[in-house]
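Take a look at the structure set out below.
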2 protein chains.
Amino acid sequence: MATIREVAALAGVSVATVSRLINRNGYVNKETEFKINKAIEELNYQPSSIARGLAGKRMDVVALVLPDINNPFFPELARAVEDICLSRGYTLILCNSDNDREKELNYIKSLSRNSVSGFIFATDSLSQEDLQELRQSGTPIVVLDRSGNADNCSIIRADSRKGAMMAVQHLLDKGRRKIAHIYGPQSIVTARERLEGYEQIAQQYDWYSPSLLIPGNFRLESGIEAVELLLERHPDVDGIFAGNDMMAIGALKGLIRRGIRVPEQIALCGFDGIGMTRMTEPELTTIAQPIAEMGKMAAEILIGKIESNGGENRFYELDVHLIERSST
Amino acid sequence: MATIREVAALAGVSVATVSRLINRNGYVNKETEFKINKAIEELNYQPSSIARGLAGKRMDVVALVLPDINNPFFPELARAVEDICLSRGYTLILCNSDNDREKELNYIKSLSRNSVSGFIFATDSLSQEDLQELRQSGTPIVVLDRSGNADNCSIIRADSRKGAMMAVQHLLDKGRRKIAHIYGPQSIVTARERLEGYEQIAQQYDWYSPSLLIPGNFRLESGIEAVELLLERHPDVDGIFAGNDMMAIGALKGLIRRGIRVPEQIALCGFDGIGMTRMTEPELTTIAQPIAEMGKMAAEILIGKIESNGGENRFYELDVHLIERSST
DNA sequence: AAATCATATGGTACCGGTTACATATCCCTA
DNA sequence: TAGGGATATGTAACCGGTACCATATGATTT
């Protein structure tokens, strides 16, 4: 690979002039520009982003850290982030962390310090201190679905509690009289909020019992298992609110396998609004987060921070909405 | 962020000694080591991978370029690659390219030249020349599912043609007498091979007709649409071989929606062996590629190349196998 | 006519590491 | 006892860019 000095030599100018042309700052004569471009062409010169990074320039790469690449919610989110990044001239790289703090710290270590110019975390496992450290190095951060206030970085989230309440209310409106909840890992703030939202409504009714709460891990398999457990405990349950769509899809499979008709015998509602919910039979009712909007927003805010060298940290809460389909 | 020179100053040694300690090459006295470690601790020093990259060291990052992050096949593959990379001390970053050559070139541009020390392409849209250029820069490459011979880079693939033949034969064994094929984009070599495999068997029978070939794009929706078209053309079809699992899942939904019983009226077989095929009702019969094995192999071969500075380019073909489930 | 300014280009220190080479002990062996 | 090898550390060039400062010229202003 050619270097800027080789280009300069071939074009008969100094490296400074070549650099000025490439970055389009400073003056460069038309003829000189032509000569340099010819040399660049000839040598097939590509500026090294490494060297550029070392020299203090921002790199046009941003990283999106995802907790579970197998949950389609995150690829959908990633697509939205990607679209914005691309249109703004940034390259997006994806990092899968399994919600594992060690892995995330590892990504930060490998990528920070000018390797990437900004991070979007769609995960919840890093402590405030972990992020604080990164912030101090000047790297802008946007976080999705994190709890707490925004003193460190900008936060974007959907209103999970409200969404959960909408889900339960919807099932009640459909005449359900015993509604269970499959909840996600309580280390994840959105899972906690959805559980809280469920309880806020459910506890007002006399059919409520803590045994209607079934643990899951946000993955499809756990939806199947949860249904097994639930039907054992409460054969008369007639409504299920799953903490996310993947578990809802799993639950649906579990129900069909048992020969239970959805929604006639048991109505089912998920949460997230991933595309996959339209692909089951029956199609799933779900509480939709504005996934694309969240991703776009995250990317735009991050890029804004990158290009303005900081900017204020805000907390953005987006609305969710009910998508009623044939599973209720 | 502290620099190596600050650490050296605080520890009262030269930068060379610090560098030697960090990289564990060359001699460092025990006492000196202790002093340096104390300084590193105190300043919270992290070596800049950027500077390290510029100075000619390999970076411990490899990139995996995926054509469609929404197809669970690729996240599954990514997980396998990730496991190996992690255990070998490498960080994996994911790049979603939509099978778009421009996007892929963009990733190469942003990440090559020491930014990452190796690439795995699970895509098919780059020309030999595109890769050749990257190779010349010394970056090792491993390619999944590419056609042609391995003069440029190592290639790993599953035997799609054979798999397709197995699928059709299986449907025949199940007594099917009119088997359709939903094929994927013919720009993708695996899609072509699966179509060829289908034809190789199907053309031997008198029920064969080119109108049994329905185009799809490897995405779930196209499976649904394909079924619509197929049933219009051939209401008497009794077997479907879908070019990948996502289209098979779509086809299944299309069939169920039409009230067609699977497998009684129409038997259905997919290709890939993604986990999601166990999540439908009925569960899907599929031709399984050794996804995890392919990912692991790709990672191991790549890392081997990185650490041995090159190595031979080989062509690895892996076997597929039939997983018979209730959709046939 | 002198001062100011826009245009155009070159020289080079610097970013933060790595590493080849020089230097200096100390110990062991022929 | 001179010389060779293992141990230990420092100096400085280098990787490939960026950007500050200096320099030079022609045009415009006062």
Review point. Is it true that A/Lys38 and A/Glu41 have a side-chain N and a carboxylate O under 4.0 angstrom from each other?
Key: no
Check your understanding: Could you give the distance from CG (A/Leu105) to CG (A/Asp130), rounded to the nearest 0.5 Å?
Key -> 4.5 Å
Exercise for review: Grab the CD1-C1' distance between B/Ile50 and D/dT18 for me, whole Å please.
Suggested key: 14 Å
Review point. Checking salt bridge (charged side-chain N to carboxylate O under 4.0 Å, His left out) for the pair B/Glu82/B/Arg79: CA distance, chi angles, key distance, verdict?
Key: CA-CA 5 Å; B/Glu82 200 183 19; B/Arg79 286 308 314 271; 3.1 Å; yes
Review point. Considering the terminal five base pairs at each end of the helix from C/dA1-D/dT30 to C/dA30-D/dT1, what angle separates the two local helix axes, rounded to 10°?
Key: 50°
Check your understanding: A/Ser125 and side chain to side chain donor-acceptor pair (under 3.5 Å): which partner among A/Arg101, A/Glu102, A/Glu104?
Key -> A/Glu104
Practice item. Kindly indicate, with the supporting measurements, whether the criterion side chain to side chain contact (heavy atoms under 4.5 Å, CB included) is fulfilled by B/Gln289 and B/Leu318. Key: CA-CA 8 Å; B/Gln289 304 192 53; B/Leu318 301 181; over 6 Å; no
Check your understanding: In residues 17-34 of chain B, what residues come within less than 4.0 Å of DNA chain C, judged by heavy atoms?
Key -> B/Ser19, B/Asn23, B/Asn25
Exercise for review: Give a yes or no on whether the backbone of A/Ser19 and the side-chain of A/Asn23 come within a donor-acceptor separation of less than 3.5 Å.
Suggested key: yes
Practice item. Give a yes or no on whether a salt bridge exists between A/Asp98 and A/Lys103, defined as a side-chain N under 4.0 angstrom from a carboxylate O. Key: yes
Check your understanding: At what distance, to the nearest 0.5 angstrom, does CZ of B/Phe119 lie from SG of B/Cys153?
Key -> 12.5 Å
Point to revise | Nearest to side-chain heavy atoms of B/Ala16, which nucleotide of C/dT18, D/dG16, D/dA12 | key: D/dA12
Point to revise | Contact list for DNA chain C against residues 6-15 of chain A - heavy-atom distance below 4.0 Å | key: A/Gly12, A/Val13, A/Ser14, A/Val15
Review point. Whole-Å distance between D/dA13 P and B/Leu54 CG?
Key: 18 Å
Review point. Rounded to the Å, how far apart are B/Ile4 CD1 and C/dT18 C1'?
Key: 8 Å
Point to revise | Salt bridge present between A/Arg88 and A/Glu307 (N-O < 4.0 angstrom) | key: yes
**Study point:** Separation of D/dG16 C1' from A/Tyr45 OH (nearest whole Å)
**Key:** 7 Å
Check your understanding: Are B/Lys296 and B/Glu293 close enough for a salt bridge, meaning some N to O gap below 4.0 Å?
Key -> no
Point to revise | Note: B/Lys30-B/Glu33 ion pair, threshold 4.0 Å (strictly below) | key: yes
Practice item. Nearest whole angstrom, please: distance from the P of C/dT12 to the CZ of A/Arg5. Key: 12 Å
